[in-house]
Number of protein chains: 2
Amino acid sequence: MRRDVFQAIADPTRREIINLIAYKALNINSVSDHFEVSRAAIYKHIKILTECGLLEVKQKGRERYCEARLEKLDEVTTWVEQYRKTWNDRLDNLEEYLNNLQNK
Amino acid sequence: MRRDVFQAIADPTRREIINLIAYKALNINSVSDHFEVSRAAIYKHIKILTECGLLEVKQKGRERYCEARLEKLDEVTTWVEQYRKTWNDRLDNLEEYLNNLQNK
DNA sequence: TATAAATGAAACCTTTTGGTTTCATAATGG
DNA sequence: CCATTATGAAACCAAAAGGTTTCATTTATA
């Protein structure tokens, strides 16, 4: 299985899970309470997030708490940002072009 | 079908296509020349990228040129960056903790 | 200690993905 | 005008994804 961050955040449910636990660790049942699908389905999403390092699970008695490990999202930022200069330049060119049109 | 930017960039081949055309528009055959898989497969990837707005196709005679429309990647940046403060705070805390350890 | 709660994991199913081959169609270049 | 080039699109396929139900195991707790 491919288990990279890009694939992990491709699924909307997983993005919601990340959002849920971003500010407060929750145990697995609490996470799944927020969704319509079964606990087993959510469990699988959590497993995927764990496997790609976006989430860490910590045992606490019979519960297991999910903590976000969002540093891994840096990989995404890095990939996206490498193109920012290019697309900003293009937007600048468009702006310039429109300004020229207007000044005629 | 889901056709959002997150899903579009989940596939490594599609990320490579984006990279290929980021700085220079290429026609569909030229794009597919860079890959092992068939032209038909690449064509489908291009279609997906087009449908979610990351790519625009412009006819030029019998050829069709693919241009990157990377502004759409902003959606990804926005989503990721909403968490940056949190994870930076956590890293700061860790750093502080380590400094305290060292100073003892 | 017996029951309930929280989780792990297997078996199974349907839909989506990513790929293929094949054929049709529209411009181009001799 | 005809062969070639560039592309669109259909039919089909295997594997992966996302989901379900069911059952086992571990830990708390009345």
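Residue numbers start from 1 in every chain, and the chains themselves are labelled A, B, ... in the order their sequence lines are given, proteins ahead of strands. Just so we're clear, the structure is a prediction, and the values are computed from it rather than from any experiment.
Considering only residues two or more places apart in sequence or on other chains, A/Asn29 meets the side chain to side chain donor-acceptor pair (under 3.5 Å) condition with none of them. A search for side chain to side chain donor-acceptor pair (under 3.5 Å) contacts involving B/Asp33 returns nothing, not counting sequence neighbours.
When all heavy atoms of B/Ala22 and B/Ala68 are compared, the pair lying nearest together is CA-CB, 4.0 Å. The minimum heavy-atom distance between A/Ala25 and A/Glu67, with the atom names listed, is CB-CG, 3.8 Å. B/Ile28 approaches B/Cys66 most closely through the heavy-atom pair CG1-SG, 4.0 Å.
Contacts between residues 25-37 of chain B and DNA chain C, defined by a heavy-atom separation below 4.0 Å, involve B/Val37, listed by number.
Taking 4.0 angstrom as the limit, B/Tyr43 places none of its side-chain polar atoms (N or O) nearer than this to OP1 or OP2 of D/dT7. At least one side-chain nitrogen or oxygen of B/Ser38 sits closer than 4.0 Å to the OP1 or OP2 atom of C/dT20. Note on A/Gln59: every side-chain N or O is 4.0 Å or more away from OP1 and OP2 of C/dT7.
The CG-P distance, from A/Leu55 to C/dT7, rounds to 13 Å in whole Å. In this structure, B/Arg15 atom CZ and C/dG18 atom C1' are separated by 15 Å, rounded to whole Å. One can place CD1 of B/Ile46 at 17 Å from C1' of C/dT17, the figure rounded to the nearest angstrom. Following rounding to the nearest Å, A/Leu49 (CG) and D/dG18 (P) show an atom-to-atom distance of 11 Å. Taking atom NZ on B/Lys47 and atom P on C/dG19, their separation rounds to 15 Å, with Å as the unit. For the pair B/Tyr65 OH and C/dA27 P, the interatomic distance rounds to 16 Å; values are reported in whole Å. A straight line from CD of A/Glu51 to P of C/dA9 spans 11 Å, rounded to a whole angstrom. Taking atom CD of A/Gln7 as the reference point, atom P of D/dA16 lies 12 Å away to the nearest angstrom.
Once rounded to the nearest 0.5 Å, the distance linking CZ of B/Arg15 with CG of B/Leu20 reads 13.5 Å. Residue B/Ile17 holds its CD1 atom at 13.5 Å from CD1 of B/Ile9, rounded to the nearest 0.5 Å. In this structure, the separation between OG on B/Ser30 and CD1 on B/Ile21 is 11.5 Å, given to the nearest 0.5 Å. Between atom NE2 of residue B/His34 and atom CG of residue B/Asn19 there is a gap of 10.0 Å, rounded to the nearest 0.5 Å.
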Write out a two-atom table: protein N or O, nucleotide N or O from nucleotides 1-3 of chain C, distance below 3.5 Å.
none

Produce the list of close N/O pairs, under 3.5 Å, pairing protein atoms with atoms of nucleotides 28-30 of chain C; give distances to one decimal.
unit_1, atom_1, unit_2, atom_2, d
C/dT28, O4', B/Arg62, NE, 3.4
C/dT28, O4', B/Arg62, NH1, 3.2

When you compare the protein's N or O atoms with those of nucleotides 11-14 of chain D, which come within less than 3.5 Å of each other, and at what distance?
none

Only distances under 3.5 Å count here; give the side-chain donor-acceptor pairs of residues 37-47 of chain B to other protein atoms, sequence neighbours excluded, each with its distance to 0.1 Å.
unit_1, atom_1, unit_2, atom_2, d
B/Ser38, OG, B/Ala41, N, 3.1
B/His45, ND1, B/Arg14, NH1, 3.0

Please list every donor-acceptor pair under 3.5 Å in which a side-chain atom of residues 73-82 of chain A meets a protein atom from a residue at least two apart or in another chain.
unit_1, atom_1, unit_2, atom_2, d
A/Asp74, OD1, B/Arg84, NH1, 3.3
A/Asp74, OD1, B/Arg84, NH2, 3.0
A/Thr77, OG1, A/Leu73, O, 3.4
A/Thr77, OG1, B/Glu81, OE2, 3.3
A/Thr77, OG1, B/Arg84, NH2, 3.4
A/Thr78, OG1, A/Asp74, O, 2.8
A/Glu81, OE1, A/Arg84, NE, 2.6
A/Glu81, OE2, A/Arg84, NE, 3.3
A/Glu81, OE2, A/Arg84, NH2, 3.1
A/Glu81, OE2, B/Thr77, OG1, 3.4
A/Gln82, NE2, A/Trp79, O, 3.0

With a 3.5 Å cut-off and sequence neighbours excluded, list the donor-acceptor pairs that the side chains of residues 54-63 of chain A form with protein atoms.
unit_1, atom_1, unit_2, atom_2, d
A/Glu56, OE1, A/Arg69, NE, 2.9
A/Gln59, NE2, A/Gly61, O, 3.1
A/Glu63, OE1, A/Asn27, ND2, 2.5
A/Glu63, OE1, A/Tyr65, OH, 3.2

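Residue B/Val57 is the one, among B/Val57 and A/Arg39, whose nearest nucleotide of DNA chain D lies closer to the 5' end (criterion: closest heavy atom).
Side-chain heavy atoms closer than 4.5 Å link hydrophobic residues (I, L, V, M, F, W, Y) into clusters, and following such links, even through other members, never connects A/Ile48 to B/Phe6.
Closest to the B/Glu63 side chain, of the nucleotides D/dT21, D/dA6, C/dT21, is D/dA6. Out of C/dT7, C/dA9, C/dG18, the shortest distance to the side chain of B/His45 is found at C/dG18.
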